[in-house]
Amino acid sequence: MSVTLRFAPSPTGRLHPGNARTALFNWFFARRHNGGYILRFDDTDQARSTAEFATGIEEDLAWLGIHADRVERQSSRLALYADAAESLKAAGRLYPCYESAEELERQRKRRLARGLPPVYDRRALKLTQEERAALEAQGRRPHWRFLLPNFSADPFAPERTETSWDDVFRGAQSVDLASLSDPVLVREDGSFLYTLPSVVDDRDMGVSHVIRGDDHVTNTGVQLALFAALGAEAPAFGHHNLLQTEAGEGFSKRYEALSLAALRREGVEALALAAYASLVGTSEAVRPVTCLDELAMLFDPKKVNRAAARFSVGELKALSARTLAQLSYEAVAERLREAKVGGGEAFWLAVRGNIDKLADAALWWRVASGPVEPVVAEEDRDFLARAAELLPEEPWDENTWGEWTDTLKAQTGRRGKALFMPLRRALTGFSAGPELRALLPFVGRPNTMARLCAPCRD
Ligand code: GLU
């Protein structure tokens, strides 16, 4: 059987790290099995879905390094869902209901008060043709419920009916269909809820594995019954644990500041986001990687925890810095060029271990190439003048700094911080940064001289 995965976001906002986890797990599974990858926009909710969000989500995925073989939109497949709904109606599996939300709420409360489970009691199934016609004559429009196969002969006497599957992540799983209300598949206005379209799409698009968050476990019980009702073979299902914000809340597209787009703007590396979003909450250590395929190789659904995992922006940013520290020049060369960072590979190797984000490389390149506002304390002036006198002639390499500061130490008696800090502040204008041993050759003798001597000219 060929392997086909799909990632199915609704385009009602930009992707957040929790969505990225699902997108990545699907991607890793596809990569590991040479499978296809479909990006499917679940955009039947036309009031909340927008083309801009869909474009934004494609951008988010491209940034992560995920490239779908195919893009599908539910909004262009509505006629197919209507066909499926008609066939369910013809088979007596989709029935019209006329209760308002208030009526349903009253029924629910009454059942709870009588110690009964708050599931829909199928009273609309009892309506005669005439009663339906009378309700419609009053202007009521039906919503449509799927008759769950949880009874032998009498739908009003549901029996425990375990629907089971071997979950890709969680192993043996089952949902008792008698514990659920018949799900509404079609709203009063004729629009579809996500449940049926998803099944129709998975069937038509040859999806072999549905990998999604564990908030969908119950849906899977219903959807397995729908596959059977449509006479279709069901795919395998896998449910992974969800990510939570630091406040312990579920991620939501409403948290703009935690969107991939916002994190990216803050300078978070895509690889770090991918590593963190896919390794946190698993038995693998969260660690920096050099490419997405490395994460695909680490992916093992059986190593994913059951409990929700906390996603800390602070840990993500720290991982992002560690990710940069081991990225090769080839991996970042184009972005460095765009950021106008010179110095080639040598400069990248000199600074990568000391930056929080790639944009900082541009800062240190500006520091190396100048101009710089040296920071000089009054008491260091003579020391810096001496440093200028002892500055070696070029050519310089990474040993120059050591030779120069050894001589300075011997000549001035200064050591440690008293030796290095005035030099760092004069040469860079900052108290911290990349190792000067590495940076010095890029500053060059004329710039170094000018910075050391700036105070002499005051
Ligand atoms: N649009 C659904 C969601 O974002 C897709 C669930 C699924 O993968 O089936 O939750």
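Order of listing sets the numbers, starting from 1, for every ligand and every atom in it.
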Q) So, R337 and E334, do they make that salt bridge, N to O below 4.0 Å? A) no
Q. Who's touching ligand 1 if we go heavy atoms under 4.0 Å?
A. R6, A8, D42, Y194, S198, R212, H216
Q) Can you list the residues that meet the side chain to side chain contact (heavy atoms under 4.5 Å, CB included) rule with E249, with sequence neighbours excluded? A) T245, A247, Y255
**Q.** Counterpart residues, side-chain hydrogen bond (donor to acceptor under 3.5 Å, both in side chains), relative to R123 (two or more places apart)
**A.** D121
Q | Selection residues 157-168 - residue pairs positive for side-chain hydrogen bond (donor to acceptor under 3.5 Å, both in side chains), sequence neighbours left out | A | S152-E159, R160-E162, E162-S174, W165-D167, D167-H239
Q: Mind checking the OG-CZ spacing from S431 to R424? Nearest 0.5 Å is all I need.
A: 8.5 Å
Q) For the ring pair Y194 and H216, is the centre-to-centre distance below 6.0 Å? A) yes
